[in-house]
Enquirer: 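Below is one structure. I have some questions about it.
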Amino acid sequence: MSKEITSRSADYSQWYNDLILKSELADYSAVRGCMIIKPYGYSLWENMQAALDKMFKDSGHVNAYFPLFVPKSLFEAEEANAEGFAKECAVVTHYRLKADVNNKGKLIVDPEAKLEEELIVRPTSEAIIWSTYKNWIQSYRDLPILINQWANVVRWEMRTRLFLRTTEFLWQEGHTAHATKEEALFESKQMLEVYADFAENFMAVPVIKGIKTPNERFAGAEDTYCIETLMQDGKALQAGTSHFLGQNFAKAFDVKFTDKSNTLDYVWATSWGVSTRLIGALVMAHSDDDGLILPPKIAPIQVVIIPVYKNDEQKNLIAQKVNAIIKELKYLNIKVKYDDNDNLRPGWKFAQYEMKGVPLRLTIGARDLEKNVIEIARRDTKEKSSVDLNNVVKTVVDLLEGIQLNMFNRAKQFRDEHITNANTWEDFINLLDNKTGFVSAHWDGTAETEEKIKELSKATIRCIPFDAVKENGECILTGKPSNKRVLFARAY
RNA sequence: CGGGAGGUAGUUCAGCUCGGUAGAAUACCUGGUUUGGGACCAGGGGGUCGCAGGUUCGAAUCCUGUCCUCCCGACCA
């Protein structure tokens, strides 16, 4: 493995790529735009999944699985949604290959095996799910349906980036059906809160909750709620979305139910999702020029212990001391790794585990044994200290908690320092160019102005924050009246 | 999808202009000395030069096509 990663200041994009590859989160593949999530990266994803899955279940949801393929006729049923995705759909047209008679050992698509109806590889599952819900729902007694699925989806993106935008990606998609508008609205907002909770308390990534403008919202939705995050290069990243779908899909798929008063009405819907993109957010929110910095709550390895010894006698002595500590840590469900690999020297291991973002590193050698201490180094601040062996476990527990908190606070401070008000167009552009981050400004509320601003500044409206205060002002571009500020940023 | 750059040992790259035995560093293997921030010495193994065609006595090198990656742009929930 190469020792160098590009520094953030030299080339932020390259730094990001280097980090992903060299920390072994993922690798490129033989398929354009697709990536291989390596064991270390997948372990991280599993930890994220586990936490989210528990939150979904705690809020009453259950998991199910729907097919990868969507018949074209179903896909096009909800018009706005279908049009929104049409340009990036992979399509299956045939179901068989055959030997190429002109080219020994090669295969060709069998022209005889053309599908009657093309199958779309799902870019999202609303169509297949709502065509199914139609069969499941007759009465208000069948509602609500609160289903989530963990799945892969395919969106044929023109330009891809590891984790941030890949042709195939992993995600979860919740699809719920409700008897009333209020209930569906509540659901979509509740799930946004779940995402915000997860991002902030598990990933240590602060978020801004808000609502998308009509331009930016999900095709087929009445409202799209989102959590927006800020990366270290000052660009924004949408980390999760929750949609209030109104009755759009119920109408498209004719999903009606009889309410208590025996009147027939369309069902109200929501959908919500987060993807492996969160890993990109995690990397770019916290890491430094030495590698990843992972928050303890989702780190695949929380504590690594590295012995330093000159001979087998010392190694055994260390192992004895350390085994007791490992046992206690494991008892507390702390993910600990003891790396006594003889082939690698301690200095190499230090660098390696820093690259991989392990929150705590414990080092113990002969001179520690004499004093009955162990050296503890934290990844987030690079601070080292010596701790009495009798206090190690408690110290580790405290430090893991402290790191989690420190990472969040550090990211939040950076984020807060990068939300700036702009009152003139000059300020607006100047802030985007030089300070970067979110720019809070007035907007006249029209799609035309939003487009124009995007064209001129490359910045989009990330969201209208839920906590935006009423304040009279003038649109940054047109000078027309506005009653609250919205958040602009250049975004991933 | 347009413009630019790139693909040669596990990795990073040189060699290509001007065709003629496949190179370095690092990693790997063996032995030894080492081990508290990416060790050192000695010896050794490893590449049909992304893939497919073509030109040529001869192609990593020239030509054509194609695949994958990076950067910029357009596109994008």
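Each chain gets a letter, A, B and so on, in the order its sequence line appears, and its residues count up from 1. We use all heavy atoms of the structure for the numbers below, so side chains are in, but hydrogens, waters and symmetry mates are not.
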Enquirer: Under 4.0 Å, counting only non-hydrogen atoms across every strand here, what does A:T224 touch: a base, just sugar-phosphate, or nothing?
Expert: nothing
Enquirer: Would you kindly give the CD-to-P distance between A:E370 and B:G36, to the nearest whole Å?
Expert: 17 Å
Enquirer: Kindly say whether, by distance alone, the side chain of A:R361 makes a donor-acceptor pair under 3.5 Å with the base of B:G37?
Expert: yes
Enquirer: Quick one: A:R161 CZ to B:A74 P, roughly how many Å, whole number?
Expert: 15 Å
Enquirer: Measure CZ/A:F350 against C1'/B:G37 and give the value in whole Å, please.
Expert: 6 Å
Enquirer: So does A:K384 reach the base of B:G37 with its side chain, donor to acceptor, closer than 3.5 Å?
Expert: yes
Enquirer: A:T363 versus A:I374: any side-chain heavy-atom pair under 4.5 Å?
Expert: no
Enquirer: Would you mind classifying the nucleic acid contact of A:G240 as base, sugar-phosphate or nothing, using non-hydrogen atoms under 4.0 angstrom?
Expert: nothing
Enquirer: Between B:C76 atom C1' and A:E451 atom CD, what is the distance in whole Å?
Expert: 13 Å
Enquirer: Could you give the CH2-to-P distance, from A:W15 to B:C70, as a whole number of Å?
Expert: 17 Å
Enquirer: Does a side-chain N or O from A:N17 land closer than 4.0 Å to OP1 or OP2 of B:C71, or not?
Expert: yes
Enquirer: I'd like to know if A:R159 reaches the base of B:C1 with its side chain, counting only an N/O donor and acceptor under 3.5 Å.
Expert: no
Enquirer: Mind checking if A:S29 touches a base, just sugar-phosphate, or nothing, with heavy atoms under 4.0 Å?
Expert: sugar-phosphate
Enquirer: Taking only the P atom of each, what is the distance from B:G37 to B:G46 in whole angstrom?
Expert: 36 Å
Enquirer: Just the rounded figure in Å: distance from C1' of B:C70 to OH of A:Y12.
Expert: 17 Å
Enquirer: Measure CG/A:D342 against C1'/B:U35 and give the value in whole Å, please.
Expert: 10 Å
